[in-house]
Number of protein chains: 2
Amino acid sequence: MLTIGKLGEAAGVKVPTIRYYEQIGLLPEAERSSGNQRLYGRKAMKRLAFIRHARDLGFTLEAIRDLLSLSDNPDQSCAAADAIARSQLVEVESRLARLTALKAELERMVVQCAGGKIADCRVIEVLGDHSLCATDHRHPETEATQ
Amino acid sequence: MLTIGKLGEAAGVKVPTIRYYEQIGLLPEAERSSGNQRLYGRKAMKRLAFIRHARDLGFTLEAIRDLLSLSDNPDQSCAAADAIARSQLVEVESRLARLTALKAELERMVVQCAGGKIADCRVIEVLGDHSLCATDHRHPETEATQ
DNA sequence: CTTGAAGCTATAGTTGCTAGAGACATTAGG
DNA sequence: CCTAATGTCTCTAGCAACTATAGCTTCAAG
Ligand SMILES: [Zn+2]
Ligand SMILES: [Zn+2]
Ligand SMILES: [Zn+2]
Ligand SMILES: [Zn+2]
């Protein structure tokens, strides 16, 4: 049985984050010691590692909630889980496309600036006028955190 | 003189967002009509377009605040503005690198899954165990919104 | 002149945490 | 056994950058 600090260390998750996951119901309420401190076993450890890894792969907590509840009944078809992963892939691809365009525009800006006064600064000029951009980089669809 | 709705439409910014920008001091307090409604002229329009475009390029509101105050005195050197843009470029590059790794892992996951039961689902399996990943995609540095 | 859209303020909610305050628990050293 | 340091507890508030709601007033069209 691990204390919350040890668990956090083992899983690479900060202590308040673990409590937060419990609070929003991603982790079950932990057992408590005689002195009311949380205690975790192997199962909680695996669940937290799953959450952490899925977060690292950019899944939202809502998606992770679904994935966890799917993984809790192993006899079902994995179609729903695969769909979540595929939609996360689509999301990542679209962010990638957008960031690639952003990078190109930012590079253009900084390269084109001759480094004089603000009045002649290409960075400031381009920021004020999207028609100076080479690509249409604008905020296409819904954007998520990260 | 435009009302807030017309301004928002023209600049592609939602009305509450404009009020929010005013509230946090990114936009100056607008003139008001006799009936206390906000009115905007050409200058506010340009300023809002600048903000919107910079947001589209991923700059934070803090960075935009600095860029705006730089652009307000055109005789200064543009070094500071260029530095902000370059650091935004670095930020975008690092997010791009991370997303590229994520995409690779997500693709591996969905491709490797044969589509049976959850118990045999490669997606669920990989999510539970980072050592099954081909790359080290983990949360490298500070991460920003978007 | 009436009605519906658009505007106003103020407050609270979103996501995924993170930081603080103040009180209790545990552990290591002397 | 006592003490000091560290860890944990709950609760609340804060971060970015908005978005939504409620309950009002004002405006523009018919
Ligand atoms: Zn410049
Ligand atoms: Zn542009
Ligand atoms: Zn599967
Ligand atoms: Zn991994």
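Letters A, B, ... mirror the listed sequences (proteins, then strands); counts begin at 1.
- Rounded to whole Å, atom C1' of dT19(D) lies 14 Å from atom CD1 of Ile24(B).
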Query raised in the report: Can Glu125(B) and Cys113(B) be said to form a side chain to side chain contact (heavy atoms under 4.5 Å, CB included), step by step?
Result: CA-CA 10 Å; Glu125(B) 190 182 2; Cys113(B) 181; over 6 Å; no
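- dA5(C) atom P lies 15 Å from atom CD of Glu9(B), rounded to whole Å.
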Report summary line: In 5'-to-3' order, the base (B), backbone-only (S) or no-contact (-) status of each nucleotide in nucleotides 4-15 of chain D, using a 4.0 angstrom heavy-atom cut-off, is ---BSSB-----
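- Using modelled atom types, no side-chain atom of Arg38(A) and backbone atom of Leu2(A) make a donor-acceptor pair closer than 3.5 Å.
- Using a distance-only test at 3.5 Å, with no hydrogens or angles considered, no donor-acceptor pair links the side chain of Arg95(A) to the main chain of Leu99(A).
- Panel note: side chain Arg52(B), backbone Gly12(B); a donor-acceptor pair is recorded below 3.5 Å.
- For residues 40-51 of chain A, proximity to DNA chain C is found at no residue, defined as any non-hydrogen atom under 4.0 angstrom from a strand atom.
- In terms of modelled atom types and a separation under 3.5 Å, the side chain of Asn73(B) and the main chain of Asp75(B) share no donor-acceptor contact.
- Checking side-chain atoms of Arg47(B) against main-chain N and O of Leu68(B) turns up no donor-acceptor pair under 3.5 Å.
- Evaluated for a side-chain hydrogen bond (donor to acceptor under 3.5 Å, both in side chains) with His137(A), the options His130(A), Arg98(A), Lys103(A) yield exactly one hit, His130(A).
- Regarding contacts with the backbone of dA25(C), every side-chain N or O of Ser34(A) stays at 4.0 angstrom or more from both OP1 and OP2.
- Looking only at distances, a side-chain donor or acceptor of Gln88(B) sits under 3.5 Å from a matching main-chain atom of Gly58(B).
- Side chains of Glu105(B) and Thr135(B): a donor on one and an acceptor on the other come within 3.5 Å.
- Distance alone, capped at 3.5 Å, places no donor-acceptor pair between the Thr17(A) side chain and the Val13(A) backbone.
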Between the protein and nucleotides 17-21 of chain C, list the N/O to N/O atom pairs that are separated by less than 3.5 angstrom.
unit_1	atom_1	unit_2	atom_2	d
dC17(C)	OP2	Tyr21(A)	OH	2.8
dC17(C)	OP2	Arg55(A)	NE	2.7
dT18(C)	OP2	Thr17(A)	OG1	3.0

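- Atom-to-atom, CD of Glu62(A) to C1' of dG13(C) comes out at 15 Å; the value is rounded to the nearest Å.
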